[in-house]
Structure formats: C-alpha cells, structure tokens
Amino acid sequence: MADPNPIKVVSQAERSGASAIAETLLASGVEVVFGYSGGGTSVLIDQLVRSGMKMMNARTELAAAWMSYGYNRIWRRPASACLFHCVGALHASPVVYAAKVDGTPFMMMDVNLDSALDMREGLQDAGELYSALKPLTKYIRKVVSAEDLPLAVRQALLAAGTGRPGPSVLDLAFQCLTASTDCRVEGLKFPESPAASPQALKQASELMAESRSPVLIAGAGVHLAGGANALLAFAEAAHVPIVSTSWGGRGLCSDEHPLFAGVLGSFGWTCANDLAQRADLWIAVGTSFSQMTTAAWNLEKPAKTIQIDIDPAQLGKIFQPTLGIVADARIALEQLAERVLSRTNDKALAEARLVTMRAAKADWLEYQAQLGAEGGLPINQYHLIRKMGEALPAGAIVVGDSGGHAFMLYRVFKYLGMTPMASGSRYMSLGSSLPLALGAKLAAPERTVVSYHGDGGFYYDLVELSIAAQYGIKVIVVIDDNGCLLANRSGMRLMGIENPWVDLPQTTDFVAIAKGLGIAGERIADPRDIDAALQRALAAPDSYLIDVATDPDTRIKRAVKGVVPIISDRKPAQGASRHISPPLKGSWPN
Ligand SMILES: Cc1ncc(C[n+]2csc(CCOP(=O)(O)OP(=O)(O)O)c2C)c(N)n1
C-alpha cells in the first residue's frame with residue numbers, strides 16, 4: 001500500500017546553516033520573515049530572499065514583531081517569523097511575552113555573536129539573551145552548531161503552533177549560519193488537533209439535556225481554531241444563545257445574528273452579563289475566564305459548567321468546571337453539533353428564552369445607540385465608533401491599541417460578519433495597534449484594516465507609517481485624540497487622584513507627522529465631518545490618517561456595578577488602601 005503520508009525530504013545537500021534555516025522555514029509553511037537588518041542577520045536575510053521567501057523590515061524590532069504577531073493571528077499558525085540582530089532582540093520582548101499571555105503563534109530568531117565570544121565583553125555581548133527571554137517563551141533554544149538547525153527550527157515552529165499557541169525563540173550563534181552542513185531538512189506537517197473523547201461528549205450531552213437555560217461562551221480560542229462556523233452550527237442546532245468574551249471572542253459572528261446575545265464583562269453588555277448569570281449551564285469554549293470577560297471574576301457562575309480548551313492547564317485554572325474537555329474548539333463544537341442533532345430538544349422552551357434574550361439585546365442596543373448619538377463638540381468616541389461601523393465594509397478588521405478607546409471599541413463597534421483578530425493583543429501594550437494592523441493587512445489584503453489608536457499610545461508606533469508608505473500597505477489610521485491618557489485618568493480618579501501627567505501636548509500635529517512620513521491625512525473636530533473623512537480614507541489608494549479631536553471626558557460606563565474592572569477585583573472604596581483589601585465577596589473562587 002502506498003504511504004499516505006510520505007516524509008518529504010526537502011534537502012540534504014552540503015550548504016550553509018543559513019541556507020538550511022531558509023529551507024526549513026519554507027518547508028514548514030513560513031511565508032514571510034519580519035525583521036531588522038544588521039550584524040549577522042544579513043547572512044540569513046540573503047539566504048531567505050534567495051530561497052524566494054518574502055522579507056520585510058519595520059522601523060523597529062518591536063514593530064516588526066507586532067507585524068508578525070498580527071500576520072500569524074490572522075492565519076492562526078506561525079505563517080511568519082521574525083529575525084533580529086542580538087542587540088535588538090530585547091526590543092521585541094514585549095511581543096514575545098504578549099504571545100505567551102495571549103496564546104498567539106509566534107517565532108523569533110536572533111543572530112547572536114559567535115558563541116566563543118559569549119561573556120567576553122565582545123561588542124554587543126548578548127550572552128544573557130537566552131536566560132533573559134527564557135521565562136517569556138514557550139520554547140527557546142540556543143543553537144551553536146549548524147547541524148542542529150533544521151531540528152531547532154522545526155521544534156520552535158511546532159511549539160509555537162500546536163496546543164495553546166505561544167512564543168518560540170531561537171538564539172542563533174553567528175557561526176552556525178556560516179558553517180557548512182549536510183543535515184537533512186524534512187517538510188513539517190502540523191499534527192491534527194485533539195478531538196473530545198466519546199466519554200466527554202456523552203457527559204456534555206447529559207449536562208445539556210438536563211439544562212433548561214444553557215449559554216455558550218465563546219472566546220479567542222474559537223477564532224484561533226478557525227471555529228466560527230462550527231460555533232454557529234452548534235448554537236443553531238442546540239438553540240443556545242452565544243455570548244462572546246469581551247475582546248478575543250468579538251467578531252466570531254455578526255452582532256446581528258439572532259443567536260448572538262452580546263458581550264460579557266464590565267465593558268461588555270448588561271444583557272449578556274444578565275443572561276450568563278441567569279443560565280443554569282455554561283458551555284465555555286476557548287476562553288481563559290480573564291478579568292475583562294468575567295467582570296473581575298464577579299459574574300455569578302451557574303452550578304454546572306462545561307469548559308472546552310485545547311490546553312489542559314486552562315481547565316480549572318480559575319475555577320473547577322463540572323466537566324473539562326481537552327479539545328480543539330472547532331472540532332469539539334462540530335462533535336457537539338452532531339450529538340445535539342441526534343436528540344430531541346425542548347424547542348418551545350428554547351425559543352421562548354431566545355425571544356426574551358432578543359428583547360434584552362434590543363434594549364441594550366438602544367442604550368448603546370444613545371451613547372453613540374451625535375452629541376455636539378468635542379466628538380464623543382461612541383459616536384465616532386458607531387460611524388466607523390456604519391462606513392466600513394463587513395469583515396473590516398479594526399485593531400484597538402491600549403486604553404479607554406479600545407474598551408469602547410470592543411464594546412460598541414458593530415461587527416457585521418466573521419472578523420478574524422477582532423481585537424488587538426489582550427496584553428494591551430501601548431503602540432501595538434499600527435504594526436498589528438499592518439501585519440493583519442498583509443495577511444488579509446482583501447479586508448479593510450483600521451488601526452484605531454489613542455493619541456498617547458500613537459507616540460510609540462507612529463513612525464511605522466513610513467513602513468506603510470514604503471511598502472504601499474493600505475491601512476486607515478483613526479486617532480481618538482482626546483488629549484490625554486484617558487484610561488489612566490479614569491483609573492486614578494477612582495482612587496481620588498488627579499494626575500496631571502495624563503495630559504498630552506496640544507502642540508503635536510499628527511497630520512503633519514504623517515505627511516512627513518509619506519502618508520496623507522486630515523484632522524477633524526466636527527462630528528458632521530466624520531462620514532466624509534472616512535469615505536476619503538476608504539477611497540484613498542494608500543494609507544490614510546484621520547486625527548479626530550475627541551472628548552477627554554467620555555465615561556466608559558461599566559456594565560457591572562460596584563467592580564473596579566482594571567487593576568483589581570475590588571469595589572472602589574473598599575479597604576483602607578483600596579487595592580490591598582480582601583477579594584470582593586463573590587469574586588471567584590470565593
Ligand atoms: C507599554 C505600556 N505602558 C503603559 C501602559 C498603561 N496604559 C494603559 S492605557 C494607557 C493610556 C493610553 O492613552 P491613549 O493612548 O491616549 O488612549 P486613551 O486611554 O486616551 O484612549 C496607559 C499608559 C500600557 N498599556 N502599555
């Protein structure tokens with residue numbers, strides 16, 4: 001019988017280590033390398049380009065790493081890698097860590113000095129890079145011999161792309177790039193993701209059969225598994241309403257889908273929080289029950305919970321589920337849909353619940369429409385986001401940065417269809433939005449991609465506009481320019497502190513900066529100008545920046561009363577020092 005899965009030996013010829021890396025990356029499905037030229041990287045860049053691989057630099061290592069992160073998030077696998085000179089590698093370390101926190105497939109290589117120079121005060125001695133990055137990674141290896149290269153690259157990509165995805169780092173001693181090797185490169189085929197066991201499916205079916213008011217909670221893991229269609233198929237078969245987690249699960253379906261009940265969390269929708277708190281069963285898929293999604297662990301849990309995750313360590317990490325299922329989100333949802341189809345539901349009961357759910361959702365959307373009503377000057381952010389939702393085509397990717405504007409975005413932006421990477425990184429490091437948007441646009445050129453940015457955070461990454469100009473990557477940048485670090489101001493005010501350091505200079509001209517970097521743009525201050533500006537941005541052949549003068553006093557307005565959703569799980573005035581008080585009564589796991 002013919003072998004159905006022949007191992008493809010790509011190469012075994014005598015060539016340089018750099019060439020062996022390029023061969024292995026190509027044979028493993030890596031399409032593009034984001035990097036920064038310098039030092040020893042040139043040897044490798046030369047081979048990457050010769051091999052036909054796409055190589056793209058950014059203005060900083062940090063931005064190149066975010067671009068790779070965004071690219072991989074869209075493809076849901078390590079479809080790109082990063083390459084930096086050793087002295088720049090730590091500049092990308094926030095992204096390495098974000099990939100660990102967010103479960104994002106990410107692979108970074110740095111070219112270090114010859115290992116013989118380690119710890120000898122060589123120029124740019126980076127002998128400690130391995131130990132510095134080790135705690136941030138899922139996989140890290142220092143490679144000193146060209147013979148080890150194909151295996152190290154293979155292991156790094158496997159670790160980055162399987163199980164709960166995460167960051168891999170290869171610290172490459174320079175000599176291994178130039179040394180000659182004839183070691184073998186094999187094609188990398190990622191293993192199939194795990195399915196739920198028959199026993200687990202049986203138990204899940206029993207729990208669902210007993211339940212009268214189940215709710216499906218869908219998180220970023222469903223996006224990462226490519227499970228959006230499976231989610232809808234299961235929800236439709238079982239007549240179960242879907243709530244999304246507050247950031248990572250956004251955009252799994254249209255907000256208008258009749259089974260979509262809203263967004264969980266303090267910055268979510270009250271109708272979704274109420275529904276989840278009244279449920280008698282949670283079927284939670286691909287969510288880590290983070291602070292944002294659970295209103296700092298203050299949502300009331302039902303007695304019965306099913307938690308499905310590809311990572312066993314997530315099951316019971318925050319609380320003990322009735323049933324934990326280790327499985328890929330898409331596969332488990334498909335399996336569950338099949339089982340549901342084969343049993344009779346109490347359809348009348350389910351329909352009645354859905355009618356109530358839709359009425360509550362309509363009330364919330366009405367409230368949200370009021371938040372976003374045109375409210376004079378300065379421009380209210382909710383209004384701006386609503387206008388973006390109306391102007392942008394379905395499936396547009398709008399990447400928030402970190403701060404108040406992002407909380408508002410993920411709450412009120414209207415998703416009109418399945419949208420991958422609906423949110424930016426959950427780690428929410430300032431200055432990620434623009435490079436994430438650039439990476440996403442490269443991975444999904446057919447989609448409209450917007451970087452929705454706070455003015456404070458834009459100081460980090462605005463220089464990457466020059467990359468958009470240089471490579472002709474079209475993204476729309478909308479600056480929510482409220483003249484302050486709103487998130488900080490709001491947080492400090494809760495503690496009774498007025499902090500002048502949150503104010504930002506009014507002397508900066510972002511439109512002039514954009515122009516200087518090769519990107520057209522305009523500033524608007526009147527809400528009546530939003531539509532036309534967005535139309536100009538959409539019609540522009542290249543990237544376009546809109547600097548919007550917004551209201552520094554917009555309140556985020558929580559959907560769960562009495563909880564400080566950031567920094568703590570405490571009530572605002574609880575305890576003498578306010579943050580070192582015991583957990584709020586009812587906050588999990590108490
Ligand atoms: C690298 C980094 N440093 C600090 C923070 C803490 N932080 C979160 S939001 C924020 C303010 C952001 O201000 P701006 O970009 O203007 O957005 P706004 O909150 O006004 O919408 C800060 C400092 C962070 N998230 N990342």
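Counting convention: from 1, in listed order, for ligands and their atoms alike.
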Tell me whether the rings of Y452 and H405 are parallel (<30°), tilted (30 to 60°) or perpendicular (>60°).
perpendicular
Based purely on interatomic distance, does L485 place a nitrogen or oxygen under 3.5 Å from a nitrogen or oxygen of ligand 1?
no
Can you tell me which residue and heavy atom of the protein come closest to atom 3 (N) of ligand 1, and the distance to 0.1 Å?
Y460 OH, 3.6 Å
Ignoring angles and geometry beyond distance, decide whether D480 reaches within less than 3.5 Å of ligand 1 through its nitrogen or oxygen atoms.
no
So, 4.0 Å and heavy atoms of D401: is ligand 1 close enough to count as a contact?
no
For the side chain of S402 and the backbone of M428, is there at least one donor-acceptor N/O pair under 3.5 Å apart?
yes
Run the ring-centre check on Y410 versus F267 and record whether the distance is less than 6.0 Å.
no
Atom 15 (O) of ligand 1 has as its nearest protein heavy atom G457 N, 2.7 Å
With sequence neighbours left out, the residues meeting ring pair (Phe, Tyr, Trp, His ring centres under 6.0 Å) with H223 are none
Which of the numbered atoms in ligand 1 are below 4.0 angstrom from a heavy atom of G404?
18 (P), 19 (O), 21 (O)
Could you tell me if T554 and N380 have a donor-acceptor pair between their side chains, going purely by distance under 3.5 Å?
no
Taking only heavy atoms of L486, which atoms of ligand 1 are found under 4.0 Å from at least one of them?
18 (P), 19 (O), 20 (O)
For F106 and Y139, I'd like to know if the aromatic rings sit close, meaning centre-to-centre distance below 6.0 Å.
no
For S429, the ligand 1 atoms with a heavy-atom partner under 4.0 Å come out as 1 (C), 26 (N)
Heavy-atom pairs closer than 4.0 Å: do any link ligand 1 to the side chain of M428, the backbone, both, or neither?
backbone
Under the 3.5 angstrom rule, does the side chain of H383 hit a backbone N or O of I379 as a donor-acceptor pair?
no
Heavy atom of the protein closest to atom 8 (C) of ligand 1 (residue, atom name, distance):
S402 OG, 3.4 Å
Atom 24 (C) of ligand 1 [closest protein heavy-atom partner, distance rounded to 0.1 Å]
L430 CG, 3.6 Å
Do ligand 1 and C484 have nitrogen or oxygen atoms that lie under 3.5 Å from each other?
yes
List every atom of ligand 1 that sits less than 4.0 Å from any heavy atom of A487, numbering the atoms from 1 in the order shown and giving each element.
9 (S), 19 (O)
For Y71 and W75, take the angle between the two ring planes, folded into 0 to 90°, and tell me which bin it lands in: parallel under 30, tilted 30 to 60, perpendicular over 60.
tilted
Take every heavy atom of N488, measure it against each atom of ligand 1, and state whether any distance is under 4.0 Å.
yes
Any nitrogen or oxygen of G456, main chain or side chain, under 3.5 Å from a nitrogen or oxygen of ligand 1?
yes
Under a 4.0 angstrom heavy-atom cut-off, which atoms of ligand 1 come close to N482?
20 (O)
Angle between ring planes, F413 versus Y415, binned at 30° and 60°: parallel, tilted or perpendicular?
perpendicular
Cationic N near anionic O, under 4.0 Å, R250 to D255:
yes
Taking every non-hydrogen atom, the tightest pair across S451 and S433:
OG-OG, 2.7 Å
Taking only non-hydrogen atoms of F458, do any sit less than 4.0 angstrom from ligand 1?
no
